[in-house]
Trainee: 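Have a look at this one.
Atoms considered below: every heavy atom in the structure, side chains included; atoms not considered: hydrogens, waters and symmetry mates. To find a chain, count down the sequence lines: A is the first, B the second, and so on, and within it residues start at 1.
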Protein chains: 2
Amino acid sequence: MFAANPAATMEQVAQAAGVARTTVHRRFATREALVEELTGWAARRFAEAVESAHTDSTPPLVALYQVTANVLRVKTNWWFAMSRTADGAHPEAARVHAEVRDDCERLLRRAREAGVLRPDADLDWTRRVYYALIHEAAAEGASGGGDAEALATRVVDTLLRGFGSPAAPVIA
Amino acid sequence: MFAANPAATMEQVAQAAGVARTTVHRRFATREALVEELTGWAARRFAEAVESAHTDSTPPLVALYQVTANVLRVKTNWWFAMSRTADGAHPEAARVHAEVRDDCERLLRRAREAGVLRPDADLDWTRRVYYALIHEAAAEGASGGGDAEALATRVVDTLLRGFGSPAAPVIA
DNA sequence: ATGAATTGCTACACCGATGTAGCGAGTAAT
DNA sequence: ATTACTCGCTACATCGGTGTAGCAATTCAT
């Protein structure tokens with residue numbers, strides 16, 4: 001499906017879709033229109049995944065797990081449409097991205113206040129690591145590596161505990 | 001410097017270098033030759049960074065910190081040449097990448113046996129998270145976010161401890 | 001069966017990036 | 001001063017991707 005990259009030529013897109021290139025042009029006048037529609041659709045899916053987790057009305061830890069699982073579900077199913085949507089060019093995608101970022105920051109703040117995260121946790125760094133973990137887990141999931149729930153468990157576990165032995169010395 | 005992406009046009013490359021496009025063609029016959037040389041050079045730098053940490057002859061924890069700092073140093077300084085070298089197309093880069101991967105796996109295994117990592121740590125997942133953390137830290141470092149030592153400390157700390165409160169409940 | 005709609009196909013114009021050639025200006029070495 | 005070298009510039013050929021037009025074949029509805 002679709003070679004995954006938005007840099008694919010119309011020819012490749014058409015071939016992946018099993019139609020002729022000119023037929024693609026009948027549906028999408030220009031290449032720009034195609035990626036426009038696709039990224040918009042992906043952004044909507046992404047927003048739904050985050051919304052349906054109700055990150056504001058459930059305990060931080062279960063909210064964290066729920067968002068992670070939901071996002072991983074859409075990312076592993078539609079990964080081919082989810083490569084660097086945050087280019088800023090697409091207004092709707094940018095808006096969704098910003099909203100999700102806000103939601104995530106609020107959730108992490110709640111988690112810290114609830115004692116789930118350490119009091120000295122840098123929330124910005126935490127969020128970026130969280131994103132990276134999701135990205136990595138999605139990559140594994142797209143290669144047939146377990147269901148979304150298992151992956152989410154692993155992501156949250158890694159985010160909270162890391163890999164160090166509890167008894168191990170700490171650097172600083 | 002160089003717009004960071006290997007998809008930049010020769011015109012942009014030339015402009016970034018402050019020379020005319022034809023002058024670039026005098027030094028590099030084809031575009032392919034340019035990225036070839038650049039990725040080779042970057043791979044060599046990367047290999048040096050890993051080698052000079054002597055990951056096999058120092059205690060796992062300090063080795064981990066040393067590699068991290070060294071790699072972050074080259075990644076933040078030469079980030080424009082370090083975007084997805086692992087395309088597999090470049091033989092030398094692929095070889096370096098594989099060797100580094102082996103080094104990393106050995107180091108993580110030693111760390112686990114030494115009790116630095118939990119006995120049940122999935123080393124493959126650990127390595128991928130470690131890579132992702134370095135990538136994220138490098139992105140921050142390239143935006144003027146602290147020196148390599150501080151970033152390395154943060155990466156290793158995150159990798160080992162995560163963000164969770166020690167007293168927090170665990171999912172599974 | 002007739003007409004409408006969709007699709008595949010070929011052909012073509014267009015554009016941007018690539019690569020080459022040659023000329024003229026500047027510069028350093030002797 | 002002459003020579004050799006490098007660079008910037010213009011011009012051109014080429015190639016691949018894009019977008020458009022038109023035609024024939026197929027399908028579907030009535």
Trainee: Quick check: does any side chain N or O of B:H90 sit under 3.5 Å from a backbone N or O of B:E36, one acting as donor and the other as acceptor?
Mentor: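 Answer holds: yes.
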Trainee: Look only at the side chain of A:Q12 and the backbone of A:T9, and say whether a donor-acceptor pair between them is shorter than 3.5 Å.
Mentor: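 Flag set: sc A:Q12 to bb A:T9 pair under 3.5 Å.
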Trainee: So that I can tick it off, tell me whether B:R154 and A:D122 are bridged by a salt bridge, with the cut-off set at under 4.0 angstrom between side-chain N and carboxylate O.
Mentor: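 Yes, this pair counts.
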Trainee: Are any of the side-chain nitrogens in B:R95 or B:E99 under 4.0 Å away from the carboxylate oxygens of its partner?
Mentor: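 A salt bridge links B:R95 with B:E99.
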Trainee: Would you please test B:E37 and B:R27 for salt bridge (charged side-chain N to carboxylate O under 4.0 Å, His left out) and show each step?
Mentor: CA-CA 11 Å; B:E37 195 146 329; B:R27 173 70 184 81; 2.8 Å; yes
Trainee: When you list every nucleotide of DNA chain D with an atom under 4.0 Å from a heavy atom of chain B, which one comes first 5' to 3', and which comes last?
Mentor: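 For DNA chain D, the relevant span reads D:dC7 to D:dT10.
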Trainee: Looking at every strand, decide which applies to A:T30 at a 4.0 Å heavy-atom threshold: base, sugar-phosphate, or nothing.
Mentor: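 Sugar-phosphate, no base atom in range.
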Trainee: Could you check whether atom NE2 of A:H25 has more than 12 heavy atoms from other residues, nucleotides or ligands sitting under 6.0 Å from it?
Mentor: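 More than 12 heavy atoms, drawn from other residues, nucleotides or ligands, come within 6.0 Å of this atom.
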Trainee: I'd like to know if the side chain of A:T23 and the backbone of A:V19 have a donor-acceptor N/O pair within less than 3.5 Å.
Mentor: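 No, A:T23 side chain to A:V19 backbone: no donor-acceptor pair under 3.5 Å.
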Trainee: Between A:R26 and A:R21, name the one whose nearest nucleotide on DNA chain D is closer to the 5' end.
Mentor: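 Nearest nucleotide further toward 5': that of A:R21.
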Trainee: When you match B:E32 and A:A20 each to their closest nucleotide on DNA chain C, which lands nearer the 5' end?
Mentor: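 This one resolves to A:A20.
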Trainee: Tell me if a side-chain donor or acceptor on A:S52 pairs with a main-chain N or O of A:A49 at a distance below 3.5 Å.
Mentor: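 Yes, because the side chain of A:S52 sits within donor-acceptor range (under 3.5 Å) of the backbone of A:A49.
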Trainee: Taking any atom under 4.0 angstrom from a heavy atom of chain A, which nucleotides of DNA chain C are the first and last to qualify, 5' to 3'?
Mentor: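 Reading along DNA chain C, I get C:dT7 to C:dT10.
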